[in-house]
Protein chains: 2
Amino acid sequence: MIQGHCTWVFKSRPVILASAAVGGPFEAQGSLADDFDILHDDIWLGQTSFEKAEKTLLEQACEQTIHKAALKKEDIQFFLAGDLMNQIISSSFVARTLAVPFLGVYGACSSAMEGLSLASLIVDSRCGDHVLVGTSSHNAAAEKQYRYPTEYGAQKPPTAQWTVTGAGAALLGQKGIGPRVTSATIGRVVDMGISDPFNMGVAMAPAAVDTIEAHFRDRHLSPDYYDLIATGDLGRVGHRIAGDLLSKHGLDIPPEIFTDCGILIYKNDQPVMAGGSGCACSATVTYGHFLKRMGRGELKRILVIATGALLSPLSYQQKESIPCIAHAVSIESE
Amino acid sequence: MIQGHCTWVFKSRPVILASAAVGGPFEAQGSLADDFDILHDDIWLGQTSFEKAEKTLLEQACEQTIHKAALKKEDIQFFLAGDLMNQIISSSFVARTLAVPFLGVYGACSSAMEGLSLASLIVDSRCGDHVLVGTSSHNAAAEKQYRYPTEYGAQKPPTAQWTVTGAGAALLGQKGIGPRVTSATIGRVVDMGISDPFNMGVAMAPAAVDTIEAHFRDRHLSPDYYDLIATGDLGRVGHRIAGDLLSKHGLDIPPEIFTDCGILIYKNDQPVMAGGSGCACSATVTYGHFLKRMGRGELKRILVIATGALLSPLSYQQKESIPCIAHAVSIESE
């Protein structure tokens with residue numbers, strides 16, 4: 001390893017054997033509805049709490065993924081997951097259902113790519129086969145925990161984002177047919193002093209930029225190597241800032257290949273302010289939309305940079321600014 | 001990999017180049033005071049909140065570890081950490097201070113060994129060198145978040161445990177002198193239906209047993225291979241149950257080598273009910289006490305099984321039982 005190098009290049013190129021995306025009623029009205037495996041018209045999913053509804057979303061994404069790979073849960077060797085709930089209860093309770101060895105991760109909305117990076121490392125180092133990775137978020141559960149219960153109807157500024165209700169999962173294997181995880185760049189915490197939780201896209205943009213630059217420096221590649229480079233959930237405001245910062249640093253990504261999961265997932269007329277966010281944002285868009293496009297041959301090489309704001313309501317109350325992080329994973333067709 | 005196998009055997013045997021333990025005033029009065037690098041007589045550490053005090057504990061453990069290895073923070077390639085605070089803010093804020101690539105983990109009080117397992121995998125697979133791993137807990141911050149602020153003086157049953165105020169860190173490298181991480185067994189979630197957060201040792205005991213059995217099955221070893229087998233923070237009640245369950249399953253661990261970090265850390269006359277708990281319990285005892293004993297040649301091979309209760313105050317309020325997990329790591333002298 002070279003000092004300062006933060007990219008893992010996976011020699012064996014772990015295969016994504018199957019993946020699934022599950023969404024709620026708001027996602028069903030979004031731009032990518034066709035790319036979800038399951039869509040619910042009830043935000044409660046028939047459960048007695050929003051937290052139990054979120055657990056059900058992740059459970060379904062995992063079950064669907066295992067089913068699509070024609071495997072049983074007993075075939076899963078390790079499960080990696082994380083989510084936004086305090087003590088990542090959505091992930092832990094799904095790990096209880098699955099009853100397989102479990103590693104909990106936390107990187108806020110970057111958890112999807114943090115989990116995928118570590119799962120790929122496990123498969124690539126021959127320390128595991130059939131490794132399942134997943135994450136979830138639920139709009140009402142997140143609003144209740146981080147901001148105000150939605151019933152309060154509190155107003156939000158146009159820089160705010162809408163937490164995606166959904167879950168995404170992917171199953172990695174050493175052999176098989178499917179797109180392959182070729183590398184992962186682990187980000188460091190970047191904090192530019194932003195402390196407004198209604199402006200997380202702006203807070204996270206510099207972290208995304210730091211990781212994107214590290215990725216291209218470590219891999220000696222230029223952006224046009226990829227057909228698509230997508231940030232996780234910067235939204236309209238943060239994504240534009242990320243693009244500007246990259247240009248300023250001399251790394252121009254052609255606008256036609258540079259996008260953001262939080263912009264893609266909803267329609268322009270949906271009242272989502274700056275766009276989607278939450279762990280499920282990059283997870284559902286990647287494991288649903290992008291992988292389907294790769295399956296159809298429309299995309300060959302993609303880079304997903306999931307961004308996370310590592311604040312808590314308490315750190316905000318204690319006047320701390322928002323530490324942010326981003327992890328990037330490249331997925332390529334065989 | 002063999003299906004059902006959940007133990008990683010590290011061929012290169014990553015070296016623990018340095019480690020450190022930091023504690024609070026209650027730990028300074030405990031049995032292992034001599035094995036801490038830094039002990040504070042102020043529970044606030046001069047900070048304005050318990051949460052900021054916890055962050056400072058972890059910061060000091062990391063700085064002390066890097067210093068003992070005669071390195072600088074720029075030499076650290078990856079940092080893995082997790083803690084009990086919502087959104088693991090202690091770890092994330094220390095990651096901001098360190099400004100190196102960061103992977104957040106969450107396994108409640110099992111986080112210490114979850115982090116050490118993944119850090120060892122990164123080093124063993126040549127994906128990183130100088131990988132720092134750490135965890136922390138703070139009695140007053142944890143009580144405030146999980147139960148009642150200590151100022152309330154709420155009574156507790158004798159099965160309750162005392163959250164350790166402290167932090168532990170270890171620095172792993174590919175080459176060098178020091179004890180070596182030889183294997184890690186990743187646990188699955190076990191939930192026997194216990195829902196009393198004042199009886200976590202009993203809730204966690206079956207998870208510890210499940211992981212210990214998996215470890216010896218996967219490695220084809222018998223318990224006498226080790227000089228010491230220590231559970232993380234089962235406390236007096238849970239540790240006895242774990243021993244009984246293991247015997248019942250035909251795996252007898254000689255009592256003279258079977259211990260628990262939560263029992264070792266405090267003196268019998270300290271008012272800690274069933275013993276110590278918290279992420280820092282197994283971390284400070286392992287990275288302080290055990291590694292010092294290994295350094296003196298008193299122990300050659302140890303197995304640490306850190307246990308975690310994956311509940312949240314909300315899951316408890318919603319009448320869920322407590323999902324538990326345990327991860328085991330073996331450390332051996334060269």
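In what follows, chains are A, B, ... by sequence order, proteins preceding strands, each numbered from 1.
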When the 4.5 angstrom heavy-atom criterion is applied to Leu314(B) and chain A, the contacting part is side chain

Applying a strict 4.5 Å limit to non-hydrogen atoms, the region of Lys144(A) in contact with chain B is side chain

One option among Ser49(B), Gly107(B), Gly308(B), Gly187(B) has the most heavy-atom pairs under 4.5 Å with chain A, and it is Gly187(B)

Minimal heavy-atom distance between Gln318(A) and Glu51(B), with the atoms involved, is NE2-OE1, 2.8 Å

Worksheet item: Is the number of heavy atoms from other residues, nucleotides or ligands under 6.0 Å of Tyr316(A) OH greater than 12?
Response: no

If one checks every heavy atom of Ile325(A) against chain B at 4.5 Å, the contacting part turns out to be side chain

side-chain hydrogen bond (donor to acceptor under 3.5 Å, both in side chains) pairs touching residues 94-113 of chain B, sequence neighbours excluded, are Asp191(A)-Arg96(B), Glu320(A)-Arg96(B), Ser321(A)-Arg96(B), Glu59(B)-Thr97(B)

If you tally heavy-atom pairs under 4.5 Å between each of Ser125(A), Pro323(A), Gly82(A) and chain B, the highest tally belongs to Pro323(A)

To the nearest 0.5 Å, atom CZ of Arg188(A) lies from atom CD1 of Ile76(B) at 14.5 Å

Here the pair of heavy atoms bringing Phe78(B) nearest to Cys6(A) is CZ-CA, 3.9 Å

Tested for side-chain contact (heavy atoms from CB on, under 4.5 Å) against Pro101(A), the lone hit among Thr185(B), Ile186(B), Thr7(B) is Ile186(B)

Whatever's closer than 4.5 Å to a heavy atom in chain A on Leu98(B) counts as neither

Please confirm whether the backbone N or O of Gly104(B) pairs with a side-chain atom of Glu114(A), one donor and one acceptor, at under 3.5 Å?
yes

Closest non-hydrogen atoms of Leu121(B) and Ile122(A), given as atom of the first, atom of the second and distance, are CD2-CG1, 3.6 Å

Bottom line for Leu311(A): the part with an atom under 4.5 Å from chain B's heavy atoms is backbone

Heavy atoms of Leu310(B) and Ile89(A) approach each other most closely as O-CG2, 3.9 Å

Okay, Val105(B) and chain A: the region with an atom under 4.5 Å from a heavy atom over there is both

In this structure, OG of Ser92(A) is separated from CD1 of Ile322(B) (nearest 0.5 Å) by 12.5 Å

Cut-off 4.5 Å, heavy atoms of chain A, and the answer for Ala95(B) is both

Worksheet item: Counting only N and O atoms by type, is there a donor-acceptor contact under 3.5 Å from the side chain of Gln87(A) to the main-chain atoms of Leu84(B)?
Response: yes

Quiz item: Does atom OH of Tyr146(A) have more than 12 heavy-atom neighbours from other groups under 6.0 Å away?
Solution: yes

Applying a strict 4.5 Å limit to non-hydrogen atoms, the region of Phe10(B) in contact with chain A is neither

